[in-house]
Amino acid sequence: MAQPLLADNPGLKKLLLGNEAIVRGALEAGVQVVTCYPGTPSSEVPDTFFRLSKEGDFSFEYSVNEKVALEVGGGATLAGAMTLTTMKHVGVNVAADPLMTLAYIGTPGGLVLLSADDPGCHSSQNEQDNRYYARLAGMPCFEPSSAQEAKDMTRDALNMSRETSTPILLRTTTRVNHLRGPVEFGPIAKLAPAAGFKKNPSKFVPIPAFARPMHVALLKKLEELRELAEKSEYNKVTGNGKVGIVAAGICRAYLSDALADSGLADKFKVLELGFSYPLPEKLVTDFISSVDKVLIIEELEPFIENEIRILAQKNSITIEVIGKDNVNLPLNGEYSTGNVSAVMHEVLGLKQDKVTLCEAEEGLPMRPPNLCAGCPHRAAYYAAKKVFGPDAICSSDIGCYTLGILPPLNAADFLLCMGSSISAGSGISKAAGQTTLGFIGDSTFFHSGITGLVNAVFNQHDILLVILDNSTTAMTGHQPNPGVETTLIGSNPAQVSIEAIVKGCGVNDVRTVSPLNQKAMTKALEELKAIKGVRVLIAKDPCPLFAKRALGKKPGQTAYVANQSDDVIRCMEEIACPAFEKCEDGVKINEILCSGCMLCLQLTKDIKARKRSS
Amino acid sequence: MSTRLRIFMTGVGGQGTLTATNLLAQAILDSGTDLTAGEIHGMAQRGGVVESAILIGMASPKIAHGEADIILGFEPLETLRALPYLKPNGIVLSSTEYVAPLSVSTGKAEQTPLELIKDRVNACASKAYFVPCQRLGLEAGAIQSGNIALLGALCATGLIPLKPEELAETIKSVMKPKIADINLKALQLGVDAISK
């Protein structure tokens with residue numbers, strides 16, 4: 001059976017994840033090239049394309065980082081292909097360089113950049129508002145609030161990008177990426193094959209002489225796009241109240257429920273902005289002229305609020321603008337139906353019925369995220385801490401292994417961004433001569449670790465880099481990277497060797513060992529400890545979840561406690577493997593959770609291996 | 001029956017909380033009712049808390065404190081942790097069988113007693129149902145199907161616009177026959193568990 005997402009089946013209604021809806025929208029527009037770097041909450045978009053890639057009529061790649069993804073996508077759209085490039089919000093920082101210029105030279109085939117923002121930091125190091133990028137680059141911005149809109153806006157943004165030759169930002173937030181809702185399918189467009197790149201240096205080569213008129217042209221184009229925003233069906237006015245509310249993104253969903261819950265719908269006139277930049281100034285001016293005061297509801301930055309304040313001043317409209325400074329609408333975190341409702345009441349001067357909530361129970365045991373049972377990173381950290389002691393500085397990076405921050409491993413002392421472990425670690429060691437270990441994953445090494453390594457060699461820094469190579473991109477859901485042997489849909493025919501790259505960068509002291517072999521791992525660490533300069537240890541063993549799922553590897557053996565002893569308790573306390581459980585007579589090992597990594601056997605004689613019972 | 005309803009689901013990563021959410025959401029949609037569902041798992045690899053939500057007749061994918069009509073707890077400690085989400089006089093359905101957090105299994109923290117959890121739930125909810133999900137799952141043929149038993153129990157309460165037969169139809173349409181059989185049995189065991 002053909003994949004329903006790929007089939008031309010207009011009218012079908014399916015429950016889709018927001019991210020799946022984005023995929024369907026792109027397919028309906030006739031998308032021809034998809035590039036990405038995975039990152040939560042965007043990952044299911046490329047992952048769905050990846051699964052469909054054998055049957056689908058588009059080309060797909062996991063690029064090594066976001067800059068590369070946007071550059072490949074940029075080339076594809078210049079050659080006339082309808083293109084989607086996806087990443088999480090912090091990925092756009094990496095891609096910002098090509099992005100700024102792409103808006104100047106234009107996107108003849110169409111190009112939509114998905115920026116999946118994360119208010120509330122559910123899975124990110126910050127909660128930056130990427131609507132800044134739309135304004136900085138001069139690109140239109142769409143902000144869906146439902147699965148249906150995620151689908152429709154992706155389709156419409158791609159088409160608009162192609163018609164206007166402007167890159168468009170599809171700005172989602174975690175709640176939109178990870179909601180599920182009914183989506184009614186439309187027809188799938190079949191585009192002619194990409195026509196190929198047509199040479200025109202004055203249009204496509206931004207040397208200063210050409211860049212200046214390009215900027216002028218972009219500013220003119222933004223005014224044309226503003227006209228499209230004025231007429232867009234995603235920007236609509238409802239209700240007749242005396243108080244206005246302007247809402248964008250997922251806040252539109254919270255507002256809709258708050259209006260229904262509170263029974264205050266007739267008090268408000270609402271302007272929803274789904275196509276939020278360039279701001280439809282006429283629509284907004286008319287709106288604020290028609291109400292007594294206006295409340296602005298948008299998560300994170302007060303973009304629309306400030307633009308409305310400016311519009312009111314420019315047009316001499318005396319109106320109270322209520323936003324981040326006036327009521328409880330913070331600049332951080334997510335909003336909710338509840339806080340939107342509270343603000344609505346406050347603006348009307350109404351008291352809200354006080355609801356007595358069930359109290360949170362104090363002191364419940366927490367469930368922090370943890371390295372899985374059998375994770376080879378645990379073994380690598382354990383050996384490194386043993387050899388280097390607690391005072392060595394651990395420069396961490398972005399991935400599952402960041403969870404090594406938790407005690408007892410305490411293996412992450414600071415972190416800047418993807419790929420920073422070696423470069424920032426180099427800085428620590430350079431500034432004060434502290435012993436520094438950098439930890440980076442295989443995908444992150446390809447992402448942006450290589451340049452830091454080249455820099456460390458060239459500038460003669462003193463650092464030991466441990467590349468934690470678990471043969472997949474584990475944190476975001478087992479996406480392939482250039483170094484992997486196998487992907488979720490087959491083998492990697494073009495494997496790139498990390499060891500060869502490291503040597504090619506000019507590192508002479510390189511070892512590759514399995515961290516699950518503690519003797520070899522410890523020996524390699526001790527040898528490298530004795531040397532100065534840039535040294536690299538590649539700690540290589542597959543992620544056990546990936547090994548089970550993709551490689552079909554099932555552990556034949558399980559560890560068990562043969563003799564209860566202090567040594568067993570010490571082992572449990574030092575490695576904190578989730579397969580260990582305290583029990584009446586001491587400690588036992590949960591056979592269902594044990595992955596058979598056998599790290600614990602190497603730490604105490606009182607734990608032994610046996611065949612699994614099932 | 002209310003056409004506007006918020007169901008808050010909570011469990012532990014790896015338990016199948018999201019699979020159960022998707023199945024329930026698909027079944028409600030199949031039965032002709034539109035809904036929005038949401039999930040937040042972030043960095044919760046296996047062993048972290050997973051929270052999800054189904055909202056009927058609403059636009060938002062999110063349930064805030066004091067808003068849930070129903071809490072569905074796939075693990076008792078997480079049921080207790082989620083109680084602030086319950087609206088006054090809401091309903092709770094919870095598994096009674098633990099998945100111990102690491103701090104408990106390594107002896108660093110005490111397991112919260114089931115009696116205390118039941119007391120707190122009963123004090124908050126207008127009605128509460130406790131179901132031994134893992135045991136029912138094992139009885140049906142697979143421990144993971146215990147979640148479906150809890151969904152069966154939910155349908156049997158008559159509180160949501162979905163009958164157990166309708167959930168069964170969706171199970172048959174989305175699962176392979178062998179797995180569907182186990183889950184259909186679990187569904188029935190869940191229905192029986194609260195009908196007694």
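Just so it is clear, the model here is predicted, and its values are computed rather than measured. In what follows, chains carry the letters A, B, and so on, assigned in the order in which the sequence lines appear, proteins first and then strands, with residues in each chain numbered from 1. Side-chain atoms are counted along with the backbone in the values below, which use heavy atoms only and exclude waters and symmetry mates.
For B/K62 against A/Y254, the heavy-atom pair with the smallest separation is CD-OH, 3.3 Å. Residue A/E359 comes nearest to B/P84 through the heavy atom pair C-CG, 4.1 Å, listed as atom of the first residue, atom of the second, then distance. Across all their heavy atoms, B/R4 and A/D257 have their closest contact at NH2-O, 3.7 Å. In terms of heavy atoms, B/L83 sits closest to A/C358 at O-CB, 3.5 Å.
Of the atoms belonging to A/C577, it is backbone heavy atoms, and not side-chain ones, that fall under 4.5 Å from chain B. Heavy atoms closer than 4.5 Å to chain B are found in both the backbone and the side chain of A/L364. Both the backbone and the side chain of A/T337 come within less than 4.5 Å of a heavy atom in chain B. With a 4.5 Å cut-off on non-hydrogen atoms, B/L116 touches chain A through its side chain but not through its backbone. When heavy atoms are compared at a cutoff of 4.5 Å, B/E67 approaches chain A solely by way of its side chain, counted from C-beta outward. When heavy atoms are compared at a cutoff of 4.5 Å, B/R81 approaches chain A by way of both its backbone and its side chain. In this structure, the portions of B/A25 lying under 4.5 Å from any heavy atom of chain A include both its backbone and its side chain. Residue contact with chain B, scored on non-hydrogen atoms closer than 4.5 Å, is absent for A/L371. Contact of A/K14 with chain B is made through the backbone alone, with heavy-atom distances under 4.5 Å. Interface residue A/D261: backbone and side-chain heavy atoms are both found under 4.5 Å from chain B.
The shortest distance between side-chain heavy atoms of A/R180 and B/L18 does not fall below 4.5 Å.
Ranked by heavy-atom pairs under 4.5 Å with chain A, the first of B/L86, B/I63, B/N22 is B/N22. For the set A/G181, A/P365, A/S336, the entry with the most heavy-atom pairs within less than 4.5 Å of chain B is A/P365. Between chain A and the residues B/P61, B/G66, B/A53, B/A37, the most heavy-atom pairs under 4.5 angstrom are made by B/A37. Per-residue heavy-atom pair counts under 4.5 Å with chain B were compared for A/E581, A/K13, A/R175, and the maximum is reached by A/R175.
Around the CG atom of A/N126, the shell of radius 6.0 Å holds more than 12 heavy atoms that belong to other residues, nucleotides or ligands. For CD1 of A/I405, the number of neighbouring non-hydrogen atoms (other residues, nucleotides, ligands) closer than 6.0 Å is 12 at most. Enclosure of atom NZ in B/K118 by more than 12 non-hydrogen atoms of other residues, nucleotides or ligands within 6.0 angstrom is indicated.
Each of B/L35, B/T36, B/D30 was compared with A/L15 under the side-chain contact (heavy atoms from CB on, under 4.5 Å) criterion, and only B/L35 meets it.
Shown here are the ring-ring contact (aromatic ring centres under 6.0 Å, His included) partners of B/F8, two or more places apart in sequence or in another chain: B/Y85. For the ring-ring contact (aromatic ring centres under 6.0 Å, His included) test, residues two or more places apart in sequence or in another chain that qualify with A/Y401 are A/H377.
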Name the atoms and distances for all side-chain donor-acceptor pairs under 3.5 Å in residues 126-138 of chain B, with sequence neighbours left out.
residue : atom : partner : partner atom : Å
B/S126  : OG   : B/N89   : O            : 3.0
B/S126  : OG   : B/G90   : O            : 3.4

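To the nearest 0.5 angstrom, A/N177 atom CG is 10.5 Å from B/E39 atom CD. Rounding to the nearest 0.5 angstrom, the gap separating the SG atom in B/C124 from the CG atom in A/L357 is 9.0 Å.
Applying a 4.5 Å heavy-atom cutoff, the residues of residues 91-112 of chain B that approach chain A are B/V99, B/A100, B/P101, B/L102, B/S103, B/V104, B/S105, B/T106, B/G107, B/K108, B/A109, B/E110, B/T112.
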